[in-house]
Peer 1: 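One structure coming up, written as structure tokens, with questions to follow.
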Number of protein chains: 2
Amino acid sequence: MSQGITIGNVSQASGVKVPTIRYYEQIGLLPSPPRTEGNRRSYDERDLERLTFIRHSRELGFEIDEIRTLLSLQDRPDVSCEDADAIASRHLADVKQKIASLTALQHELERMVEGCSHGRVEDCKVIDILADHGKCRFHADHVPHL
Amino acid sequence: MSQGITIGNVSQASGVKVPTIRYYEQIGLLPSPPRTEGNRRSYDERDLERLTFIRHSRELGFEIDEIRTLLSLQDRPDVSCEDADAIASRHLADVKQKIASLTALQHELERMVEGCSHGRVEDCKVIDILADHGKCRFHADHVPHL
DNA sequence: CGTACATCCTCTAGTGACTAGAGGAGCAAG
DNA sequence: CTTGCTCCTCTAGTCACTAGAGGATGTACG
């Protein structure tokens, strides 16, 4: 039946780039597949599913370590899903926080751009607001990056 | 008058950490200040303003290279502020895009967490949705990180 | 004046999640 | 047979810092 998928094909099918797949193997996120006679990696359906799971999780902003936990949970379906729930909930809280920060940032940027007189730097609101923190309504404790 | 601010004080005043200030000097974002007899960096008000400008720009999510351009514009106030406007506008578009992605992501995570039966992994919506991309309403071309 | 301690110095290496490139081998089609 | 694609390993680079080693200097107190 399944006589081995090449790295290129598993890459196409999963949407994960070839060097990234090798990287995932290197950091132990994806098991090392068997090799062909010519030393090429030979994947199967399980690997493709795992890669798709990984890609999807990354798209949703989960970190590699979180994905590691999620994957290990998936492998033991008898265990409580409390951990998975906790990871997703924490992640949800992060996302909400990020949206709030970015929305404040959006308003500030709009104010900057709208205020720009399109003239000389001397009267430029953009430079102005950046230079003088006091004129700014946006105060990030720290905008966490996704 | 101003007889030199220590790196610690300029750090406190600007909100930029000491090693980060040295890093900014290293990459040429902040000019190398004169040194005291004992080889300590000696800053002035201009440096403090520049650092505050940098910190504020970073908080607003501008990249170092963008800040470099912004700073060079600030130094030549006679020039058209078109460039500054362009940078801010592009940045604003990015931010809007990010908010859209994150909002979709938020809904998806809520769906995951709410659907979680708090039982065994077998019935866990979190794992379920992650595993099967088809069940997911969230499709990121790529969620750009802030 | 001594001593404790904070602050400063330089330098190297590590972070996360990849991405790029060198240099070479295998494989399939024309 | 040769062209061109995919694959292999390995190292190093990206971004914006952060951490830590190992040592010098400056300051406050007794």
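Values reported hereafter were calculated over all heavy atoms of this structure, with side chains retained and with hydrogens, waters and symmetry mates removed. The chains referred to below are lettered A, B, ... by the order of the sequence lines, with proteins before strands, and numbering in each begins at 1. Please read all numbers here as calculations on a predicted model, not as lab measurements.
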Peer 1: Please enumerate all residues that pass side chain to side chain contact (heavy atoms under 4.5 Å, CB included) together with B:Asn9, with sequence neighbours excluded.
Peer 2: B:Ile5, B:Thr6
Peer 1: Give every pair of a protein N or O atom and an N or O atom of nucleotides 5-9 of chain C that lie under 3.5 Å apart, one pair per line with the distance.
Peer 2:
from	atom 1	to	atom 2	distance (Å)
C:dT7	O2	B:Arg40	NH2	3.3
C:dC8	OP1	B:Thr6	OG1	3.4
C:dC8	OP1	B:Gly8	N	2.7
C:dC9	OP1	B:Arg41	N	2.9
C:dC9	OP1	B:Arg41	NH1	2.9
C:dC9	OP2	B:Arg22	NH1	2.3
C:dC9	OP2	B:Arg41	NH1	3.4
C:dC9	O5'	B:Arg41	NH1	3.4
C:dC9	O3'	B:Arg35	NH1	3.4

Peer 1: Could you tell me which residues satisfy salt bridge (Lys or Arg N to Asp or Glu O under 4.0 Å) with B:Arg68, sequence neighbours excluded, listed by chain and number?
Peer 2: B:Asp65
Peer 1: Which residue in the set A:Val16, A:Ile67, A:Thr20 passes side chain to side chain contact (heavy atoms under 4.5 Å, CB included) when paired with A:Arg55?
Peer 2: A:Val16
Peer 1: Under the side chain to side chain contact (heavy atoms under 4.5 Å, CB included) test, which residues partner A:Ser42, sequence neighbours left out?
Peer 2: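 If we apply the side chain to side chain contact (heavy atoms under 4.5 Å, CB included) test to A:Ser42, skipping adjacent residues, the hits are A:Thr36.
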Peer 1: Taking only N and O in the side chain of A:Thr20, is any of them less than 4.0 Å away from OP1 or OP2 of C:dT19?
Peer 2: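 Yes.
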Peer 1: Applying side chain to side chain contact (heavy atoms under 4.5 Å, CB included), can you list everything that pairs with A:Ser72, at least two apart in sequence or on another chain?
Peer 2: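 A:Ser72: side chain to side chain contact (heavy atoms under 4.5 Å, CB included) contacts with A:Arg76.
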Peer 1: Taking ring pair (Phe, Tyr, Trp, His ring centres under 6.0 Å) as the definition, give me every residue that meets it alongside B:Phe62, ordered by chain and number, with sequence neighbours left out.
Peer 2: B:His91
Peer 1: Within the pair A:Lys17 and C:dT19, is there a side-chain N or O less than 4.0 Å away from OP1 or OP2?
Peer 2: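 Yes.
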Peer 1: Under the side chain to side chain contact (heavy atoms under 4.5 Å, CB included) rule, collect the residues that match up with B:Pro31, sequence neighbours excluded.
Peer 2: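 With sequence neighbours excluded, B:Pro31 shows a side chain to side chain contact (heavy atoms under 4.5 Å, CB included) to B:Asp47, B:Arg50, given in chain and number order.
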Peer 1: Can you tell me which residue pairs pass the salt bridge (Lys or Arg N to Asp or Glu O under 4.0 Å) test with a partner in residues 13-32 of chain B, sequence neighbours excluded?
Peer 2: B:Glu25-B:Arg41
Peer 1: Using OP1 and OP2 only, check whether a side-chain N or O of A:Tyr23 sits under 4.0 Å from C:dG16.
Peer 2: no
Peer 1: Using a 4.0 Å cut-off to any heavy atom of chain B, which nucleotides of DNA chain D are the first and last in contact, reading 5' to 3'?
Peer 2: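 The contacted stretch runs from D:dA16 to D:dG26.
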Peer 1: Could you give the CD1-to-C1' distance, from A:Ile67 to C:dC18, as a whole number of Å?
Peer 2: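 Distance check: A:Ile67 CD1 to C:dC18 C1' gives 13 Å.
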